[in-house]
Amino acid sequence: MQCIQYCDHYDALSDRASERLIQVIQDKPDATICLATGATPELTYRFFVEKIQKNHVDIRNVTFVKLDEWVGIPLHTPGTCESFLQQHIVQPLSLRPEQLIGFQSENIDEKECERVTDLIAHRGGLDLCVLGIGKNGHLGLNEPGTALEPCCHISRLDDQTRHHDMLKTAGRPVTHGITLGLKEILNAKEILLLIAGDGKQAAVEKYLTATVTTAVPASFLWLHDNTTCLLDGSRYSDR
Ligand SMILES: N[C@@H]1[C@@H](O)[C@H](O)[C@@H](COP(=O)(O)O)O[C@@H]1O
């Protein structure tokens, strides 16, 4: 079942998403939670951190997983998914290094896929996967095309993704990414898809038609039984 919820504005979406994150941890203190990066979840993560601190939620046994990463740039470079999660999650919550599973992607190395998916499997799979949708309809770095690679893989980025805002500070062109595949994403017990930000109208409209197509990787979420899609209703209306 897909549950589509229109929130009044970005703050409301972020508040609702952060509440769900907290609830998942309260229900399962050793949860494994996959996190997207980018502009969309920024406020969700800020609210999440604030609520953890305010309510003294025990996160010592939670493990976070980095959904995807740019390939070929040092991980500490501003604009990497790693830097994003370090800034928005790891540092404010003082997580131990082993509480973040993530691709080491400075060099192209397919073995990283096996290493990361083994670590996830070892923890019993993902309890929650927080996702955003790309302007081209991508999920993680599963890029649109005539066919999709099902599992974790190194992907060739399309032009739109190569110009993602995060990469403005990368200091060099990035052509590839490494990402959990649709198989690992759809294996999550629960998925939270956040839709906000400019320039996604076409992709979001296609997604909302509930037609599964490789042209919009996010549309594969219609195959998942427990997905909630929160939309910023000030930008994406149901009318
Ligand atoms: N690697 C990230 C994805 O994890 C993210 O979901 C997507 C959407 O980004 P934004 O939220 O900035 O639109 O962009 C990038 O590709």
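Counting convention: from 1, in listed order, for ligands and their atoms alike. The figures here come from the full heavy-atom set of this structure, side chains too, leaving out hydrogens, waters and symmetry mates.
A salt bridge does not link K189 to D225: none of the charged side-chain nitrogens sits closer than 4.0 Å to a carboxylate oxygen. With respect to the salt-bridge test (charged N to carboxylate O, under 4.0 angstrom), the residues R115 and E112 qualify.
Shown in contact with G132 at under 4.0 Å from a heavy atom are these atoms of ligand 1, numbered in order with element: 6 (O).
Side-chain contact between E82 and E69: present, with at least one pair of heavy atoms (C-beta onward) separated by less than 4.5 Å. The shortest side-chain heavy-atom distance between I133 and K200 falls under the 4.5 Å cut-off. Taking the side chain as every heavy atom from C-beta outward, C3 and T227 never approach each other to under 4.5 Å. Using a 4.5 Å heavy-atom cutoff, the side chains of L128 and L21 are in contact.
Here the shortest heavy-atom pairing between L139 and A218 reads CG-CA, 3.5 Å.
Residue contacts with ligand 1: A36 is placed with no nitrogen or oxygen under 3.5 Å of a nitrogen or oxygen of the ligand (distance criterion only).
When hydrogens are left out, the protein atom nearest atom 7 (C) of ligand 1 is H138 NE2, 3.5 Å; that is the closest non-hydrogen contact. Atom 5 (C) of ligand 1 has T37 O, 3.5 Å as its closest protein atom, hydrogens excluded (heavy atom only). Closest to atom 11 (O) of ligand 1, if we only count protein heavy atoms, is T40 OG1, 2.5 Å. Nearest protein neighbour of atom 12 (O) of ligand 1, counting heavy atoms only, is A39 N, 2.8 Å. The shortest contact between atom 13 (O) of ligand 1 and any protein heavy atom is with K200 NZ, 2.6 Å. The protein atom (non-hydrogen) at minimum distance from atom 8 (C) of ligand 1 is I133 O, 3.8 Å. The protein heavy-atom contact nearest to atom 9 (O) of ligand 1 is H164 NE2, 3.0 Å.
Contacts between K135 and ligand 1 below 4.0 angstrom, taking non-hydrogen atoms only, are absent altogether. Within the 4.0 Å heavy-atom criterion, the part of L141 lying near ligand 1 is the side chain and not the backbone. Only the side chain of D68 comes within 4.0 Å of ligand 1, judged by heavy-atom distances.
Ligand 1 is never approached by L139 to a heavy-atom distance shorter than 4.0 Å.
Rounded to the nearest 0.5 angstrom, I89 CD1 and Y45 OH are separated by 6.0 Å. Of the inter-residue distances, the one linking I154 atom CD1 with I108 atom CD1 reads 5.5 Å to the nearest 0.5 angstrom.
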